[in-house]
There are 2 protein chains.
Amino acid sequence: MGASLKDVARLAGVSVKTVSNVVNEYQHVSEATRSRVQEAIDQLGYRPNLTARHLRYGRSGIIGLALPELGIPYFAELAEEIIGAAERESWSVLIDQTDGRGDRERLTSSGARSRTIDGLIISPLTLDAEYLAGLRADLPLVLLGEQVGPGTADLVAIDNVTAAREATEHLLGLGRRRVAAIGDQRVSPGGTATLRLQGYREALAAAGVEYDPELVVPAESYHRPDGAAAMRLLLSLADPPDAVLCFNDLLALGALRTLLAAGLRVPADVAIVGVDDIEDGRFSTPTLTTIAPDKTQIAEAAVTMLLERVNGLATPPRSVTARHTLLVRESTHLRGLAQE
Amino acid sequence: MGASLKDVARLAGVSVKTVSNVVNEYQHVSEATRSRVQEAIDQLGYRPNLTARHLRYGRSGIIGLALPELGIPYFAELAEEIIGAAERESWSVLIDQTDGRGDRERLTSSGARSRTIDGLIISPLTLDAEYLAGLRADLPLVLLGEQVGPGTADLVAIDNVTAAREATEHLLGLGRRRVAAIGDQRVSPGGTATLRLQGYREALAAAGVEYDPELVVPAESYHRPDGAAAMRLLLSLADPPDAVLCFNDLLALGALRTLLAAGLRVPADVAIVGVDDIEDGRFSTPTLTTIAPDKTQIAEAAVTMLLERVNGLATPPRSVTARHTLLVRESTHLRGLAQE
DNA sequence: GAGTCGGTTTACAACGTTGCAAAAGAGGAG
DNA sequence: CTCCTCTTTTGCAACGTTGTAAACCGACTC
């Protein structure tokens, strides 16, 4: 194993505490001892044992990030931002995949692990009450995107109702009247899906378009295959849609695949909007119109709020609404691209 | 803070060690005390402090995973597998993004952090000697995909030469003769790019097709924009290619985008093969032919080897060659999809 | 020369856990 | 009743670190 303070102290002929003082750049150390100690440190290749430090401080210096899965690009991109933001504050990030399906083993393992982390940022796609129950009661928590229970923790989210409304208005503004929605989920009452559906309905109502339940297709998970399957269902309708709002970009890309494979043109026959602004959508053909949440802002707000809590802030739960933008691309508005 | 053994001991009226024995399911504890202690544990909501445990054991129970970026789907998918494999062995994973560009701050922070982790799995896209230099000398290491220096650590990789050769043979088998390659990188001598280029050239040579340097386009990083730019360059040639081997799927998707935007048909005019088998390629239009590395095998081999090292195994560096498969999809072989 | 003051160095305890060895208790055999 | 064995419980030390407070030292003041 690596050298400890004791080893360095012995070699330099000083006390353990003096070495510690040198390492921590304590002011009152004479130049003579400092250099002697430093020499010993270099010679032994000493590095502080963070575990011991953390024990001393009562902290681990590690925050947890609980995500459904890293395979979903939105979460991967978000994780990237969060790791970056945490790193800037000298914190490390431990990733935990909740996996949607409440995997028993995994739940318990997470619960046990929660003792290692000083705080947790969690994105509960499927509102994961059991998961939360397995955590320490006093664990600082920041929720991403979705409220769990009544105001239990700090929250960062975009305004999902407005976002969905804007996206739908955009489709209606193109003159489309059979606007479908893919991605409904009944699982979580106050969840993201519900809010987006609400925005969708508000836009329809405002435009005087009647709400047709047939055009709202649920999705069990938010992957491409779900979007593809939902789109096949929509195409089989007697009166199929001429536009689709997908509750995330993966669903949209899946739907897009189905449409193109069926020989339909996008956006000429069917226009598509997604949510998330994942990189894939910037390079699909056609490129994907989407609601872009400000991921950097989300990550930084989440990390900032969490670290404030870790440092003892005890105000009532706060809520940050992150910016979002509608990015119009080819899947709703063809400019320049030759498309037969 | 949470309750400690001491608190539980006081409440249950026993010694600290007895509580520890109960927690660790030590055999010789009378039923009476066990239940009394358990009661106290439940009442106080006691959970073991893993930091202290780790200090005691001289281990953190955490392994590091150093990746270029999570935003690259291949790495996100790989991280998912590795986290899963580690979790099955009750280990946690700390992710570090090396970011390609040797970011100074990040390097030092990683170096410091390396004291927290018991081992490191690292995927050095751009062979990161500096990064490695910042690590503890005695840190168990497993390399993914690329050798760093002369046999310094355990290695898991696919047979890149063979993989690239097979992919190129597939393109040649379609009758293509102007086969381009996107993704060359001179940075790392024994690196992935070099090996794949070698496989590409072997296939050309075997088929009696002359090697044309003009058809080999380097890529600074392996993102879609790089592939798109490289493809634009290839299209501007006097004698443009009729097939492209891209050194990863993102490059391929970028190239695909350029081709379609230019009004070319894939695969009719230009066929494309990628490497990695990321989910995006299964749902692009056309779907992407690709070399699929067995990510699960890679992840499990890496975690297994690393944990063996952590547990003290001291044999010379080992090397595991993971399986790969050529998945033929629409970008080289159109079956069923209506394409004008 | 005693007293004081500043900088410098140190011993000790503690963070929460567990291995070790020894102490305490419970039976059972002689 | 003593001795032995086996189970149960305990105290101590240690993992590597740092805060606290006290000790040490040289120099300066009166």
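Just so we're clear, the structure is a prediction, and the values are computed from it rather than from any experiment. Just so you know, these numbers use all the heavy atoms, side chains as well, and skip hydrogens, waters and symmetry mates. Quick note on labels: first sequence line is chain A, next is B, and so on, each numbered from 1.
Residues passing the salt bridge (charged side-chain N to carboxylate O under 4.0 Å, His left out) test with B:Arg56: none are found, sequence neighbours excluded.
Within the 4.5 Å cutoff, no side-chain heavy atoms of A:Thr33 are placed close to those of A:Val22.
A salt bridge links A:Glu308 to A:Arg318: one of the charged nitrogens lies within less than 4.0 Å of a carboxylate oxygen. Taking the charged nitrogens against the carboxylate oxygens, B:Glu80 and B:Lys295 have no contact shorter than 4.0 Å, which rules out a salt bridge.
A sub-4.0 Å separation between OP1 or OP2 of D:dC15 and a side-chain N or O of A:Asn49 is absent. When the side-chain nitrogen and oxygen atoms of B:Arg53 are compared with OP1 and OP2 of C:dG16, none of them lie within a distance under 4.0 Å.
Here C:dT17 presents its P atom at 10 Å from NZ of B:Lys6, a figure rounded to the nearest Å. The nearest whole Å value for the distance from the NE2 atom in A:His54 to the P atom in D:dT18 is 10 Å. For the pair A:Leu55 CG and C:dA14 P, the interatomic distance rounds to 14 Å; values are reported in whole Å. Distance, A:Tyr46 OH to D:dT18 P: 6 Å, rounded to whole Å. Between the CD atom of B:Glu25 and the C1' atom of C:dT17 there is a distance of 17 Å, rounded to whole Å.
The side chain of A:Asn24 lies closest to D:dT18, out of D:dT18, D:dG16, C:dT17.
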Encode nucleotides 7-12 of chain C as B, S and - characters from 5' to 3', where the letter depends on protein heavy atoms closer than 4.0 Å: B to the base, S only to sugar-phosphate, - to neither. SBBBB-

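Between the CD atom of A:Glu77 and the CD1 atom of B:Ile72 there is a distance of 11.5 Å, given to the nearest 0.5 Å.
Legend: ring pair (Phe, Tyr, Trp, His ring centres under 6.0 Å) pairs involving residues 5-30 of chain A, not counting sequence neighbours, sorted by first then second residue: A:Tyr26-A:His28.
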